[in-house]
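Note on naming: letters A, B, ... go to the chains in the order of the sequence lines (proteins, then strands), and numbering restarts at 1 for each one.
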Amino acid sequence: MTQLKSDSPLVASPQPRLLRALTMLTALGFAGCLVLGLLVAGTDIQQGQVQRIFYIHMPAFFGAFTAFGATVLGGLVYLWRGSEAWDRIALAGVEVGLAFALINLLTGAIWARPIWNTWWTWDPRLTSAAVMCLTYAAYLMLRAGIENPGRRRSLMSVYGIFAFVSVLLTLFIIRIVPDTIHPVIVGASPQNAQGSFEATSGVLLALLPSMILWLTVMPITLMWHRYRLALRQEAVDALKLKALGG
Amino acid sequence: MRGAKRRAICLLALLLALGGWTSAQDESPYFQSAAFNVPILAGWENQSGAGIAQFHNPAARATIRSAMADGADAPAAAAADLAGWQGLSELDAPVYSGKVNLADGTWHVLAYDLDEGRSASQIARRADDRFIVISFLESDPASRTLMLAIAQADESLESPAPELDSALQQVTPLRLAELAAAGAFQQPGGDWLVYHSETARAAGSIFGNDSYIALQTGSAGEQMALGDFLALADAWQSTALGFFITPDNSLYLWLGVAVSLLMLLTLIGSFAWRARGLRKDLAMLEKLASADAD
């Protein structure tokens, strides 16, 4: 017991320089993208100021896509190699991805209120996005309910791989089901789409940096922080077991 | 530190300048003002000024104008706008007055015969504490052209004929039965059903539950070409249907930004909270270990 120290490298290892740089880049990039979306991009004359939510709404979905994609990768590699590190990556992907997916869902509802005159409608895209959020929320609940660590990791790896179907469904459903009011940004919108707009150069100027940030830097940085937290959690749990074992 | 602040200000200025440049590259098909937006009529002279969208067709001697006006009610505001625009001290009673419900509210429809062979058609509706007035003015002494919008009496009918007949009766001594059907003609904004005689033309187009009506009367042989007449009608209908006010929904934008920030802060806060919990657990374990050692 006497060898327990709070500065143990497993418990309180200093942040790698790359992670500190990424954290700084994420913070500055997020602020810069907000400036681009809120101040630099032109106002959509048909939808008004609320259209600027787009610069958060769509990038947030693609950020979730990256994070949930990491969960699939983590699950596959864990099942293949049995490395716990990949299970931590999978878990980090779910937590970060769920936060992003909720941002996507909530900003969508807020945007819908003035444009569609409703907070929510059971449209195929909205429904599939809600199902996606519930699927990953269930991942966290199920994971917390399995005691055996090895069984938990294996089961959640499989779950994380199959849960990605809900992400793909959300992504492609408006191109499969024509009866939707959700517009398509790249390509022709469905006939019933309400609130579509043209991706002009002003829109692209604000959208592209946001997409790059949310698709790469933000999920990677947040997942890395979550990974380190999982690592610390496991170290403290191991110390607790050791302490209990005397 | 001062250098970093200066760099940040320079970067922000660069971003804003880039935004201005890209906005200039995106040519809008709309006249945009703080109060309203209206389609720019291709091929018409753009005489727009601050807060007034005005397009003139010299060949047809016609002008379409959109502006904000003050008044006790929509007809009064429309009359005041027309009188002010044309420098008239007073206006005679309108030759046509009606109402039509469009997607964005109830519009008053008015038509006036002015002096020197001019005629004016207007639609007007309330917008907050002011009124929007869209006017069509024609000053061809050889003909009289009016543009109206009338709610369909029978929405199951896919023909504007009943509204054409009603409009003709109200503003001319003619009935639709006195005119010959010339057929349907396609224009960019929709299909127009045309009736004509030697001295009169009537064209109608249905959009939603309303008929858009264009009437022209004049001396035999002095009417403009049918294509030009229909182009005028289509320009009027495009202006009436294309007019819109940019909604003020900034509160929803700020709500969306706040919710996004809250979600991210919750995620980051949960990481920090759990890390703090782990540090506490570790401190407790250390305390237990030292107590055990004692």
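Heavy-atom distances place no part of B/L251 under 4.5 Å from chain A, backbone and side chain included. Contacts of B/L255 with chain A are made by both backbone and side-chain atoms, with heavy-atom separations under 4.5 Å. Residue contact with chain A, scored on non-hydrogen atoms closer than 4.5 Å, involves the backbone and the side chain of B/N249 alike.
Among B/P247, B/G277, B/A275, the residue making the largest number of heavy-atom pairs under 4.5 Å with chain A is B/P247. The choice from A/L34, A/V96, A/L222, A/D237 that makes the most heavy-atom pairs within less than 4.5 Å of chain B is A/L222. Interface remark: of the candidates A/R226, A/R113, A/R52, A/K240, A/R226 forms the most heavy-atom pairs closer than 4.5 Å to chain B. The candidate with the highest count of non-hydrogen atom pairs below 4.5 Å against chain B, out of A/L102, A/I53, A/T107, A/L98, is A/I53.
Using modelled atom types, one side-chain atom of B/H56 and one backbone atom of B/A62 make a donor-acceptor pair closer than 3.5 Å. Checked by atom type and distance alone, the side chain of B/N37 never pairs as donor or acceptor with a backbone atom of B/I245 at under 3.5 Å.
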Without placing hydrogens or testing angles, list every side-chain donor-acceptor pair under 3.5 Å for residues 46-53 of chain B, not counting sequence neighbours.
unit_1: B/N46; atom_1: OD1; unit_2: B/S48; atom_2: N; d: 3.0
unit_1: B/N46; atom_1: OD1; unit_2: B/S48; atom_2: OG; d: 2.6
unit_1: B/Q47; atom_1: OE1; unit_2: B/Q54; atom_2: NE2; d: 3.0
unit_1: B/Q47; atom_1: NE2; unit_2: B/E45; atom_2: OE1; d: 3.4
unit_1: B/S48; atom_1: OG; unit_2: B/Q54; atom_2: N; d: 3.0

Please set out all donor-acceptor pairs under 3.5 angstrom arising from side-chain atoms of residues 23-33 of chain A, sequence neighbours excluded.
unit_1: A/T23; atom_1: OG1; unit_2: A/L19; atom_2: O; d: 2.7
unit_1: A/T23; atom_1: OG1; unit_2: A/H225; atom_2: NE2; d: 2.9
unit_1: A/T26; atom_1: OG1; unit_2: A/L22; atom_2: O; d: 2.8
unit_1: A/T26; atom_1: OG1; unit_2: A/T221; atom_2: OG1; d: 3.0

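For B/W85, the CH2 atom sits in a packed shell: over 12 heavy atoms of surrounding residues, nucleotides or ligands are nearer than 6.0 Å.
In this structure, the ring of B/Y30 has its center less than 6.0 angstrom from the ring center of B/F244.
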